[in-house]
*Asks:* 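The structure is given below, and queries will be raised subsequently.
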Amino acid sequence: MSFSEDVVLERLRQRSQLGLPAHMQLEPVRAAPGALTLRLAIQPFHLAPNGYLHAATIVALADTACGFGCIANLPPEAVNFTTVELKTNFLRTATDGVIACDATLMHGGKRTQIWDATVHDAERRVLALFRCTQMLLYT
């Protein structure tokens, strides 16, 4: 796809109104070739019963950032993707405020993409490190 940040962000904002991204209230805020940023304002439903940010919230944010990045950076003949592997290292937590995820394309192959992502709080303290492999799909 030809890359225009405004066009890509609008397409991703439309996608973020569907499914889990809509429920999680994820917001695309930056798109560039090989990079994407999502953010979310922590709500009570993002927390675990212990009162801290639920690990699944972090994984959903990071996987969606990488997935949206993959969509924005698909090779022209690819039609979609699916996540085939992911890993997360949790370093700290949060209970309120806004957190964000910066995803970066590390490998852009014909069959797979590998994305690294960093989830951080408003002070840019790292909450989690994330890596995933996306399998590209063709018709």
Side-chain angles (χ1 to χ4, degrees):
M1 120 165 58
S2 157
F3 209 97
S4 161
E5 182 175 21
D6 292 337
V7 170
V8 170
L9 281 175
E10 181 53 35
R11 288 181 62 201
L12 295 176
R13 285 184 184 117
Q14 290 172 6
R15 277 188 178 243
S16 68
Q17 299 305 306
L18 304 170
L20 187 62
H23 175 71
M24 299 293 293
Q25 300 177 1
L26 305 180
E27 178 189 2
V29 293
R30 183 181 71 89
L36 192 114
T37 300
L38 286 182
R39 73 176 164 212
L40 85 95
I42 297 172
Q43 303 296 320
F45 64 86
H46 293 124
L47 304 178
N50 64 6
Y52 293 106
L53 193 59
H54 199 292
T57 299
I58 296 284
V59 172
L61 174 64
D63 189 46
T64 303
C66 294
F68 280 9
C70 187
I71 290 166
N73 290 275
L74 284 173
E77 53 287 345
V79 295
N80 216 331
F81 78 97
T82 188
T83 302
V84 295
E85 182 179 41
L86 56 81
K87 179 189 185 335
T88 309
N89 292 104
F90 301 98
L91 305 174
R92 68 178 345 126
T93 192
T95 56
D96 59 18
V98 175
I99 62 172
C101 180
D102 299 318
T104 304
L105 179 63
M106 303 307 292
H107 165 74
K110 184 172 175 88
R111 303 238 181 255
T112 61
Q113 290 185 2
I114 298 174
W115 287 80
D116 281 349
T118 302
V119 178
H120 56 84
D121 63 17
E123 289 79 39
R124 303 222 36 103
R125 293 177 298 197
V126 176
L127 304 178
L129 301 172
F130 180 89
R131 172 169 272 195
C132 69
T133 303
Q134 312 288 19
M135 181 174 63
L136 305 183
L137 304 174
Y138 297 84
T139 56

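Worth knowing before you read on, the calculation uses all heavy atoms, side chains too, and leaves out hydrogens, waters and symmetry mates. Computed from a predicted structure; not experimentally measured.
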*Asks:* Would you sort out whether Thr95 and Tyr52 count as a side-chain contact (heavy atoms from CB on, under 4.5 Å), showing the intermediate values?
*Replies:* CA-CA 5 Å; Thr95 56; Tyr52 293 106; 3.7 Å; yes
*Asks:* Kindly work out whether a path of hydrophobic side-chain contacts (I/L/V/M/F/W/Y, heavy atoms less than 4.5 Å apart) joins Val8 to Ile71.
*Replies:*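 Val8 clusters together with Ile71.
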*Asks:* Checking the side chain of Gln113 only, and the main-chain atoms of Asn73 only, is there a donor and an acceptor separated by less than 3.5 Å?
*Replies:* yes
*Asks:* Who are the side chain to side chain contact (heavy atoms under 4.5 Å, CB included) partners of Ala48, not counting sequence neighbours?
*Replies:*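 For Ala48, the residues satisfying side chain to side chain contact (heavy atoms under 4.5 Å, CB included) (neighbours in sequence not counted) are Asn50, His54.
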*Asks:* With the side chain counted from C-beta on, respond yes when Pro21 and Arg15 share a heavy-atom pair under 4.5 Å apart, and no when they do not.
*Replies:*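 No, side chains not in contact.
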*Asks:* Is it the case that one hydrophobic cluster holds both Leu86 and Leu53, taking links as side-chain heavy atoms less than 4.5 Å apart, direct or via other members?
*Replies:* yes
*Asks:* Does Arg30 have more than 12 heavy atoms from other residues, nucleotides or ligands lying within 6.0 Å of its CZ?
*Replies:*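 More than 12 within 6.0 Å, yes.
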*Asks:* Are Val119 and Leu40 connected, step by step, through hydrophobic side chains (Ile, Leu, Val, Met, Phe, Trp, Tyr) whose heavy atoms are closer than 4.5 Å?
*Replies:* yes
*Asks:* Please give me the minimum heavy-atom distance between Thr83 and Cys132, naming the atom from each residue.
*Replies:*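 Looks like CG2-CB, 4.4 Å.
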*Asks:* Let's go through Leu127 and Arg125 carefully: what are the C-alpha distance in whole Å and the side-chain angles of both, what is the deciding distance for side-chain contact (heavy atoms from CB on, under 4.5 Å) to 0.1 Å, and is it a yes or a no?
*Replies:* CA-CA 6 Å; Leu127 304 178; Arg125 293 177 298 197; 5.6 Å; no
*Asks:* Any chance OH of Tyr138 has more than 12 other-residue heavy atoms, nucleotides or ligands included, within less than 6.0 Å?
*Replies:* yes
*Asks:* As an exercise, state the distance from OG1 of Thr64 to CE of Met24, rounded to the nearest 0.5 Å.
*Replies:* 8.0 Å
*Asks:* Can you sort out the partners of Ala55 under side chain to side chain contact (heavy atoms under 4.5 Å, CB included), two or more places apart, ordered by chain and number?
*Replies:* Phe90
*Asks:* Would you compute the distance between atom CG of Asp63 and atom CD1 of Ile58 and round it to the nearest 0.5 angstrom?
*Replies:* 13.0 Å
*Asks:* Linking I/L/V/M/F/W/Y whenever their side-chain heavy atoms sit closer than 4.5 Å, directly or via other members, would Leu38 and Leu20 fall into one cluster?
*Replies:* yes
*Asks:* What's the spacing between Trp115 CH2 and Thr104 OG1 if we round to 0.5 Å?
*Replies:* 7.5 Å
*Asks:* So, do Leu136 and Cys70 sit near enough that their side-chain heavy atoms are less than 4.5 Å apart?
*Replies:*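 Yes; the side chains approach each other to less than 4.5 Å.
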*Asks:* Does atom CZ of Arg111 have more than 12 heavy-atom neighbours from other groups under 6.0 Å away?
*Replies:*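 No - once you tally the heavy atoms of other residues, nucleotides and ligands closer than 6.0 Å, there are 12 at most.
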*Asks:* How far apart are the closest heavy atoms of Thr57 and His46, and which atoms are they?
*Replies:* OG1-O, 2.9 Å
*Asks:* If you measure from OG1 on Thr133 to CD1 on Ile114, what distance do you get to the nearest 0.5 Å?
*Replies:*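 The CD1 atom of Ile114 is 4.5 Å from OG1 of Thr133, to the nearest 0.5 Å.
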*Asks:* Look at the side chain of Thr88 and the backbone N and O of Val59, then say whether any donor-acceptor pair between them is shorter than 3.5 Å.
*Replies:*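 The answer is no, because no donor-acceptor pair under 3.5 Å joins these two groups.
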*Asks:* Between Ser16 and Leu26, which heavy-atom pair has the shortest distance, and what is it?
*Replies:* CB-O, 3.7 Å
*Asks:* How would you list all residue pairs meeting salt bridge (Lys or Arg N to Asp or Glu O under 4.0 Å) that involve residues 70-95, not counting sequence neighbours?
*Replies:* Glu77-Lys110
*Asks:* Treat each ILVMFWY residue as a node, draw an edge where side-chain heavy atoms are under 4.5 Å apart, and state whether Val29 and Leu12 are in one component.
*Replies:* no
*Asks:* Would you find a donor on one side and an acceptor on the other, under 3.5 Å apart, between the side chain of Glu5 and the backbone of Ala31?
*Replies:* yes
*Asks:* How many angstroms lie between CG in Asp102 and NE2 in His120, if you round to the nearest 0.5 Å?
*Replies:* 3.5 Å
*Asks:* Kindly indicate, with the supporting measurements, whether the criterion side-chain contact (heavy atoms from CB on, under 4.5 Å) is fulfilled by Thr82 and Val84.
*Replies:* CA-CA 6 Å; Thr82 188; Val84 295; 4.2 Å; yes
*Asks:* Can you see which heavy atom on Pro28 is nearest to which on Leu9, and at what distance?
*Replies:*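 Where Pro28 meets Leu9 most closely, the heavy atoms are CB-CD2, 3.9 Å.
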*Asks:* Could you tell me the separation between the SG atom of Cys101 and the CZ atom of Phe68, rounded to the nearest 0.5 Å?
*Replies:* 12.0 Å
